[in-house]
Trainee: 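Dumping the structure here so I can ask a few things about it.
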Amino acid sequence: MKSENSKTILLTGGAGFIGSHLVRHLVKKYPFYQIINLDALTYAGNLENLKDIEEAENYTFIKTDITNAEKIQALFNAYKFDSVIHLAAESHVDRSISDPLAFAKTNILGTMNLLNSFKNLWQNQWKDKLFYHISTDEVYGSLGKTGFFTETTAYDPNSPYSASKASSDHFVRAYGETYGLPFIISNCSNNYGPYQFPEKLIPLFINNIILNKKLPVYGAGKNTRDWLYVVDHAKAIDKVFHEGKQGETYNIGGFNEWTNIDLINLLCDLMDEKLNRPVGESKKLISYVKDRPGHDFRYAIDASKIKNELGWKPSVNFEQGLEKTIDWYLKNQKWLENVTSGEYLKYYEKQYGN
Ligand code: NAD
Ligand code: TYD
């Protein structure tokens with residue numbers, strides 16, 4: 001029999017970047033919860049990310065693809081998940097430009113399979129149930145030099161990635177309105193930190209600096225992003241999951257905007273220091289390349305709702321977070337080597353041509 005505080009949580013995408021930090025956080029903090037990590041282990045999923053907790057008694061891993069409706073329903077029936085925290089997704093904008101359909105399949109159809117299975121399992125018996133959908137600020141489109149995304153900003157996605165995430169958000173909300181399915185959505189800004197696959201800006205550039213490879217800056221490098229340390233995102237998800245109001249959206253951000261080129265210059269300086277290279281050495285690798293098609297100019301989150309209503313704010317400032325991140329990648333070059341062999345090399349060649 002379950003104790004009063006116990007929950008059986010299906011966490012999808014737990015072998016990826018943010019998911020692995022969230023799994024670790026929940027498994028350690030809530031020994032009385034059962035955390036079931038469901039992940040297809042695509043190129044972005046890696047069980048090495050979870051080595052330290054894989055033997056924990058409250059943790060189970062299941063390799064399954066969320067696009068497989070039958071298997072997903074069977075798992076819901078077998079485990080009777082009372083909560084879902086859904087992170088599994090195709091997550092890289094550049095890949096969505098070359099293969100948009102893969103994004104529609106996983107991000108839209110995969111999300112719908114989870115919603116359907118949850119609805120079929122509980123048949124309106126919604127007490128103490130929750131479907132928590134993890135989304136991105138990219139659904140709001142692009143800002144000019146001023147302004148912020150709030151929870152009421154109209155959706156205006158520009159990339160196949162953000163269009164697929166926007167669509168999945170709409171389906172979650174529609175299942176709430178139509179079937180009464182209890183849900184929460186959070187939309188977060190750019191994350192960075194350990195275990196991020198080196199196709200995204202920060203780990204890609206750290207890896208290239210280590211290898212003395214060019215740093216491909218899209219366009220003029222003036223695009224702006226709001227950066228949040230990944231562990232702070234995991235803590236925000238914990239807060240929203242336990243204290244957020246059903247049917248609501250929460251924006252999560254770092255209060256931390258950087259133009260790409262300013263961020264890259266800071267990263268280069270820190271890397272020179274860590275690698276004992278002469279000042280200015282890494283900056284010589286900067287190479288301006290053709291802009292990303294449909295490149296959103298600026299994302300900036302107004303995170304005052306989660307701050308004021310739930311008392312969450314980032315705990316790590318950017319300089320500290322970036323230094324921790326660099327230290328982790330330098331210490332874990334084996335991890336980097338493992339994930340940058342095979343399929344990665346083909347991706348890199350196709351995306352950057354060298
Ligand atoms: P990631 O690419 O590192 O990890 C995605 C995980 O999902 C991987 O483990 C992968 O194996 C798994 N997956 C992919 N397709 C699957 C499928 N069909 N079935 C089952 N598993 C599948 O992504 P991330 O950066 O950790 O992002 C996690 C979530 O957070 C995504 O939903 C993303 O949209 C959202 N998000 C990310 C950021 C960011 O900056 N990285 C910011 C805001 C929101
Ligand atoms: P990315 O990490 O792909 O995240 P997102 O596109 O989801 O914000 O990119 C962050 C910013 O860095 C974005 O403005 C694109 C830019 N960028 C480059 O200039 N060069 C690169 O090689 C990559 C991957 C990104």
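Counting convention: from 1, in listed order, for ligands and their atoms alike.
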Trainee: If you draw a 6.0 Å radius around CD in Glu177, do more than 12 non-hydrogen atoms from other residues or ligands fall strictly inside?
Mentor: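 Atom CD in Glu177 is not crowded, with 12 or fewer foreign heavy atoms closer than 6.0 Å.
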Trainee: So which of Ile252, Val230, Thr106 gets nearest to atom 15 (N) of ligand 1, if we judge by its closest heavy atom?
Mentor: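 Ranked by closest heavy atom to atom 15 (N) of ligand 1, first place is Thr106.
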Trainee: Distance under 4.0 Å to a non-hydrogen atom of Tyr352: what atoms of ligand 2 satisfy this?
Mentor: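 Every atom of ligand 2 under 4.0 Å from some heavy atom of Tyr352: 21 (C), 22 (O), 23 (C), 24 (C).
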Trainee: Are Leu228 and ligand 1 in contact, using a heavy-atom cut-off of under 4.0 Å?
Mentor: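 No, Leu228 has no heavy atom closer than 4.0 Å to ligand 1.
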Trainee: With atoms numbered from 1 as shown, which atoms in ligand 2 lie under 4.0 angstrom from a non-hydrogen atom of Asn190?
Mentor: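 Those qualifying, in numeric order: 4 (O), 5 (P), 8 (O).
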Trainee: Below 4.0 angstrom from a heavy atom of His295, which ligand 2 atoms are there? Numbered from 1 as shown, please.
Mentor: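 Per the distance check, 13 (C), 14 (O), 15 (C).
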Trainee: Might you work through the salt bridge (Lys or Arg N to Asp or Glu O under 4.0 Å) test for Lys245 and Glu151, ending with a clear yes or no?
Mentor: CA-CA 13 Å; Lys245 280 201 208 116; Glu151 286 78 1; over 6 Å; no
Trainee: Using a 3.5 Å cut-off on N or O atoms only, is Asp39 in polar contact with ligand 1?
Mentor: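 Such a contact does occur with ligand 1.
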Trainee: What atoms of ligand 1 come within less than 4.0 Å of a heavy atom belonging to Asn190?
Mentor: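 Here the atoms of ligand 1 in question are 40 (O).
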Trainee: Kindly confirm or rule out an N or O of Phe205 lying under 3.5 angstrom from an N or O of ligand 2.
Mentor: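 In this structure, Phe205 places no N or O atom under 3.5 Å from an N or O of ligand 2.
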Trainee: Counting heavy atoms only, name the option from Glu138, His92, Arg292, Gln196 that's nearest to atom 9 (O) of ligand 2.
Mentor: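 Looking at heavy atoms only, Arg292 sits closest to atom 9 (O) of ligand 2.
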Trainee: For Leu204, which part has a heavy atom under 4.0 Å from ligand 2: side chain, backbone, both, or neither?
Mentor: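 Side chain only.
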Trainee: Looking only at side-chain N and O atoms, does Ser135 offer a donor or acceptor that is under 3.5 Å from a partner on Asp169?
Mentor: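 Yes.
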Trainee: Would you call Ala15 a ligand 1 contact, heavy-atom distance under 4.0 Å?
Mentor: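 Yes, Ala15 has heavy atoms under 4.0 Å from ligand 1.
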Trainee: Could you go step by step and tell me if Tyr195 and Trp328 meet the ring-ring contact (aromatic ring centres under 6.0 Å, His included) rule?
Mentor: CA-CA 9 Å; Tyr195 299 110; Trp328 185 86; 4.6 Å; yes
Trainee: Which is it for Thr64 and ligand 1 at heavy atoms under 4.0 Å: side chain, backbone, both or neither?
Mentor: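 Near ligand 1, Thr64 shows its backbone, while the atoms from C-beta on stay back.
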Trainee: Can you tell me which residue and heavy atom of the protein come closest to atom 10 (C) of ligand 2, and the distance to 0.1 Å?
Mentor: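 Nearest neighbour among protein heavy atoms for atom 10 (C) of ligand 2, to 0.1 Å: Leu201 CB, 3.9 Å.
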Trainee: Identify the closest protein heavy atom to atom 16 (C) of ligand 2: which residue and atom is it, and at what distance?
Mentor: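 Among all protein heavy atoms, the one nearest atom 16 (C) of ligand 2 is Asn260 ND2, 3.5 Å.
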Trainee: Does ligand 1 have any atom that is closer than 4.0 Å to a heavy atom of Gly14?
Mentor: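 Gly14: no contact with ligand 1 (<4.0 Å).
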Trainee: For Asn223, counting its heavy atoms only, list the atoms of ligand 2 lying under 4.0 Å from any of them.
Mentor: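 Near Asn223, meaning under 4.0 Å from one of its heavy atoms, ligand 2 has 14 (O).
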Trainee: Any atom of ligand 1 sitting under 4.0 Å from a heavy atom of Ser20?
Mentor: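 It does not; every heavy atom stays at 4.0 Å or beyond.
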Trainee: When only distance counts, is Tyr218 in polar contact with ligand 2, meaning an N/O pair under 3.5 Å?
Mentor: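 Looking only at distances, the answer is yes, because the N/O contact criterion of under 3.5 Å is met.
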Trainee: Could you tell me, atom by atom, which parts of ligand 1 come under 4.0 Å of a heavy atom of Ser135?
Mentor: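 Close to Ser135: 43 (C), 44 (C).
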Trainee: What are the atoms of ligand 1, with element, lying closer than 4.0 Å to any heavy atom of Leu41?
Mentor: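 That gives atoms 11 (O) of ligand 1.
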Trainee: Looking only at protein heavy atoms, which one is nearest to atom 41 (N) of ligand 1, and what is the separation?
Mentor: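 Protein heavy atom with the smallest distance to atom 41 (N) of ligand 1: Ile18 CD1, 3.7 Å.
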Trainee: Can you confirm if the NZ or CZ of Lys119 lies within 45° of the ring axis of Phe76 and under 6.0 Å from the centre of its six-membered ring?
Mentor: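 Cation-pi check for Lys119 and Phe76: fails.
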Trainee: Are side-chain heavy atoms of Tyr79 and Leu10 found at a separation under 4.5 Å?
Mentor: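 The answer is no; the side chains never approach within 4.5 Å.
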Trainee: Show the atoms of ligand 1 that are less than 4.0 angstrom away from any heavy atom in Cys188.
Mentor: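 Per the distance check, 42 (C), 43 (C).
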Trainee: Looking at every heavy atom in both Ala15 and Leu47, which two are closest together, and how far apart are they?
Mentor: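 Shortest heavy-atom separation between Ala15 and Leu47 comes out as CB-CD2, 4.2 Å.
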Trainee: Just distances here: any N/O of Tyr161 and N/O of ligand 1 closer than 3.5 Å?
Mentor: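 Right, the criterion is met.
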Trainee: Evaluate His86 for polar contact with ligand 1, using N/O atom pairs at a separation under 3.5 Å.
Mentor: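 No, His86 has no N/O under 3.5 Å of an N/O on ligand 1.
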Trainee: Identify the closest protein heavy atom to atom 20 (N) of ligand 2: which residue and atom is it, and at what distance?
Mentor: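 Residue, atom and distance for the closest contact: Pro216 O, 2.7 Å.
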Trainee: Using a strict 4.0 Å cut-off to heavy atoms of Val93, name the atoms of ligand 2 that fall inside it.
Mentor: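 Counting atoms of ligand 2 from 1, those under 4.0 Å from Val93 are 6 (O), 7 (O).
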Trainee: How far is atom 8 (O) of ligand 2 from its nearest protein heavy atom, and which residue and atom name does that atom have?
Mentor: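 Looking at atom 8 (O) of ligand 2, the protein heavy atom closest to it is Arg225 NE, 2.7 Å.
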Trainee: So which heavy atom in the protein is nearest atom 21 (N) of ligand 1, and how far is it from that ligand atom?
Mentor: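 The answer is Ala40 N, 3.1 Å.
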Trainee: So, the side chain of Thr12 versus the backbone of Leu87: is there a donor-acceptor pair under 3.5 Å, distance only?
Mentor: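 Answer holds: yes.
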Trainee: State the atoms of ligand 2, each with its element, that fall below the 4.0 Å cut-off from a heavy-atom position in Val217.
Mentor: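 Those qualifying, in numeric order: 19 (O).
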Trainee: When you measure from atom 1 (P) of ligand 1 to every protein heavy atom, which one gives the shortest distance, and what is it?
Mentor: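 The protein heavy atom lying closest is Ser91 OG, 3.6 Å.
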Trainee: When you look for heavy atoms under 4.0 Å from ligand 1, do you find them on the side chain of Lys165, its backbone, both, or neither?
Mentor: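 Side chain only.
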Trainee: Looking at Thr111, Thr106, Asn107, which hits side chain to side chain donor-acceptor pair (under 3.5 Å) with Ser164?
Mentor: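 Going through Thr111, Thr106, Asn107 one by one, the side chain to side chain donor-acceptor pair (under 3.5 Å) with Ser164 is satisfied by Asn107 alone.
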Trainee: Looking at Ile134, which atoms of ligand 1 are within less than 4.0 Å of one of its heavy atoms?
Mentor: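 Every atom of ligand 1 under 4.0 Å from some heavy atom of Ile134: 30 (O), 32 (O).
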Trainee: With heavy atoms of Ala88 as the reference, note each atom of ligand 1 found under 4.0 Å away.
Mentor: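 In order of numbering, the contacting atoms are 7 (O), 21 (N), 22 (C).
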Trainee: Judging by distance only, is a nitrogen or oxygen of Trp227 under 3.5 angstrom from one on ligand 2?
Mentor: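 No.
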Trainee: Under 4.0 Å, heavy atoms only, figure out whether ligand 1 is touched by the backbone of Asp137, its side chain, both or neither.
Mentor: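 For Asp137, no heavy atom sits under 4.0 Å from ligand 1.
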Trainee: Take the angle between the ring planes of Tyr192 and Phe318 and call it parallel below 30°, perpendicular above 60°, tilted in between.
Mentor: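 Ring orientation of Tyr192 relative to Phe318: perpendicular.
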Trainee: Less than 3.5 Å between some nitrogen or oxygen of Glu199 and one of ligand 2, yes or no?
Mentor: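 No, since none of the N or O atoms of Glu199 sits under 3.5 Å from an N or O of ligand 2.
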Trainee: Who's the nearest protein heavy-atom neighbour of atom 40 (O) of ligand 1, and how far?
Mentor: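 Closest protein heavy atom to atom 40 (O) of ligand 1: Asn191 N, 2.8 Å.
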Trainee: Take atom CD in Glu57; do more than 12 heavy atoms of anything else shown fall under 6.0 Å from it?
Mentor: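 For Glu57, atom CD is not crowded (no more than 12 foreign heavy atoms under 6.0 Å).
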